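In what follows, a structure is listed as structure tokens, so that the remarks can point back to it.
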Amino acid sequence: MAEKRWIPETLFDDLGFRMTYEVERVLYEMQTEHQHLILFEHKFFGKMLMLDGATQITKKDEFVYQEMMSHVPLFAHGNAKNVLIIGGGDCGIAEEVLKHKSVQRLTQVEIDASVVEFAKEHFPEFTKPVFADKRFESVIDDGMKYVAKTDRRFDVIIVDSTDPQGPGKVLFSKKFYTACKRSMAPGSVMVTQNGVPILQSGELTSGIAKFRQLFADGSCYVAAIPTYIGGHMAMGWATDNPRLRETPLKTVAERYRKAGNFPTKYWTPEVHKAAFALPRFIADLAARSKSR
Ligand code: SAM
């Protein structure tokens, strides 16, 4: 019997360790215009997507990240109509955002058309409802270019990017956050994929420092995603409305009830509140993110 292939996640090679996954079946593999893309079947995590050696999404645990990147900013805001997703080509977050009836228009700006095309084939559970929803607009463009030129104003911006390497690097720059701020409506909020603090502490401190140079409130909230190795994942938080982070549990629960208590597997009003209670080492990293 042929030796099974094992695929390493090479994201933390500089830290001297690798997670490696045994491949049941390679479903799709190509070098796209922007990055190396591989989708394979894993016996425990199910379908797994890796871009440039970094795990993006697995069928087993995608719900944690997708729900926390969408429901936390939307229920904190409470009345978001115009939402922008930067990246997110697998459409997992788009599917969660469109569960909010208050959303009138959702624009997704993904740089790599291949990711969206392959997601239509391999993640129909996300792409089917999303592309059938007339509120959804799919744009293929560099997120930096899009926010630099758009004249639209967004209530919530969700930056579901790859890590700060290759095409995703610019999405961690002050230039990008400045352009995002310009395209944000009053009272709006931006959330970002901001890495795993214990392994990517610099990513968090530099991100929050940039937020604090541009916004009244720059911080993060956390969740644990099993295949984003290293414990807590940090999601960046940037807004000129400091009260959003303090939205009372009662208000979040009431907004969820009004939204129809749609089913979730991770997010709850209590988890929403708890996600902003940062473990001390992460709170210290955030506190060290000086700018003002
Ligand atoms: N949740 C994943 C994570 O945390 O690593 C990210 C998932 S999503 C697939 C990331 C997407 O960002 C990819 O499809 C990638 O093509 C897209 N992306 C990377 N750089 C981009 C850019 N500059 N503009 C728009 N999309 C970009």
Side-chain angles (χ1 to χ4, degrees), residues 9-12 19 28 30-39 45 47-70 84-97 107-120 122-123 126-127 130 137-150 157-173 175-177 179-180 183 191-197 199-200 203-204 207 220-230 232-236 266:
E9 174 165 49
T10 56
L11 187 60
F12 300 113
M19 273 302 287
Y28 192 94
M30 70 178 290
Q31 181 60 41
T32 78
E33 194 190 335
H34 301 279
Q35 52 211 339
H36 177 264
L37 185 161
I38 183 162
L39 178 81
F45 291 109
K47 277 184 190 169
M48 288 187 67
L49 168 67
M50 278 195 187
L51 292 173
D52 285 347
T55 303
Q56 302 295 308
I57 185 173
T58 84
K59 209 56 211 111
K60 187 76 175 176
D61 64 3
E62 53 81 17
F63 61 92
V64 182
Y65 174 82
Q66 319 279 28
E67 291 182 9
M68 292 302 278
M69 284 287 277
S70 47
L84 173 65
I85 296 174
I86 300 286
D90 53 73
C91 294
I93 288 183
E95 193 242 347
E96 295 297 336
V97 169
T107 302
Q108 180 175 281
V109 179
E110 163 61 56
I111 196 169
D112 196 335
S114 314
V115 173
V116 178
E117 285 322 303
F118 122 94
K120 284 180 181 168
H122 293 283
F123 289 112
F126 303 145
T127 52
V130 164
E137 175 194 16
S138 173
V139 176
I140 300 300
D141 195 357
D142 178 348
M144 177 70 240
K145 291 198 186 108
Y146 180 86
V147 288
K149 67 177 183 256
T150 185
I157 297 184
I158 301 172
V159 185
D160 176 24
S161 72
T162 41
D163 292 278
Q165 59 184 25
K169 196 169 176 53
V170 68
L171 303 182
F172 292 76
S173 68
K175 198 172 83 178
F176 173 68
Y177 296 141
C180 285
S183 62
V191 298
T192 65
Q193 186 273 88
N194 226 136
V196 173
L199 300 172
Q200 300 163 303
E203 199 176 304
L204 184 63
C220 68
Y221 58 105
V222 293
I225 296 130
T227 53
Y228 293 171
I229 302 303
H232 295 88
M233 170 92 177
M235 285 155 266
Y266 189 89

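For ligands, and for the atoms within them, numbers begin at 1 and follow the listed sequence. Remember, it's a predicted structure, so these values are computed and weren't measured experimentally. Just so you know, these numbers use all the heavy atoms, side chains as well, and skip hydrogens, waters and symmetry mates.
Here is the list of ligand 1 atoms found below 4.0 Å of a heavy atom in Gln56: 1 (N), 2 (C), 3 (C), 5 (O), 6 (C), 7 (C), 8 (S), 9 (C), 10 (C). Using a 4.0 Å cut-off to heavy atoms of Gln35, the atoms of ligand 1 that qualify are 15 (C), 16 (O). Close approach of ligand 1 to Asp142 is summarised as follows: ligand atoms under 4.0 Å from at least one heavy atom of the residue are 22 (C), 23 (N), 24 (N). For ligand 1, the atoms lying closer than 4.0 Å to a non-hydrogen atom of Asp112 are 16 (O). Of all atoms in ligand 1, numbered sequentially from 1 with element shown, those under 4.0 Å from a heavy atom of Asp90 are 7 (C), 8 (S), 9 (C).
Using a 4.0 angstrom heavy-atom cutoff, Gln193 counts as in contact with ligand 1. Under a 4.0 Å heavy-atom criterion, Val116 is not in contact with ligand 1.
Residue contacts with ligand 1 for His34 are absent, since no atom lies close enough (heavy atoms, distance under 4.0 Å). Residue-level proximity to ligand 1 for Val115 is carried by the side chain, the only part with a heavy atom below 4.0 angstrom. At a heavy-atom cutoff of 4.0 Å, ligand 1 is contacted by the backbone of Ser161 but not by its side chain. By the criterion of a heavy-atom distance under 4.0 Å, the side chain of Leu51, and not its backbone, is placed next to ligand 1.
Distance check: Glu9 CD to Gln56 CD gives 8.5 Å after rounding to the nearest 0.5 Å. The line from CD of Glu203 to CD of Gln193 is 6.0 Å long, rounded to the nearest 0.5 Å. Going from atom OH of Tyr146 over to atom CD of Gln108 covers 11.5 Å, rounded to the nearest 0.5 Å.
Below 3.5 Å of separation, one finds an N or O of Pro167 facing an N or O of ligand 1. Between Ile86 and ligand 1, a contact under 3.5 Å exists for no N or O pair. At least one N/O-N/O distance between Asp160 and ligand 1 falls below 3.5 Å. On a distance-only criterion, Leu171 and ligand 1 share no N/O pair closer than 3.5 Å.
For the pair Asp163/Gln200, a side-chain contact is recorded, criterion being any heavy-atom separation below 4.5 Å from C-beta on.
Under the 4.0 Å criterion applied to side-chain N and carboxylate O atoms, Lys149 and Asp141 are assigned as salt-bridge partners.
Among all protein heavy atoms, the one lying closest to atom 1 (N) of ligand 1 is Tyr228 OH, 2.8 Å.
A tilted orientation is assigned to the rings of Tyr28 and Phe118, their planes being inclined by 30° to 60°.
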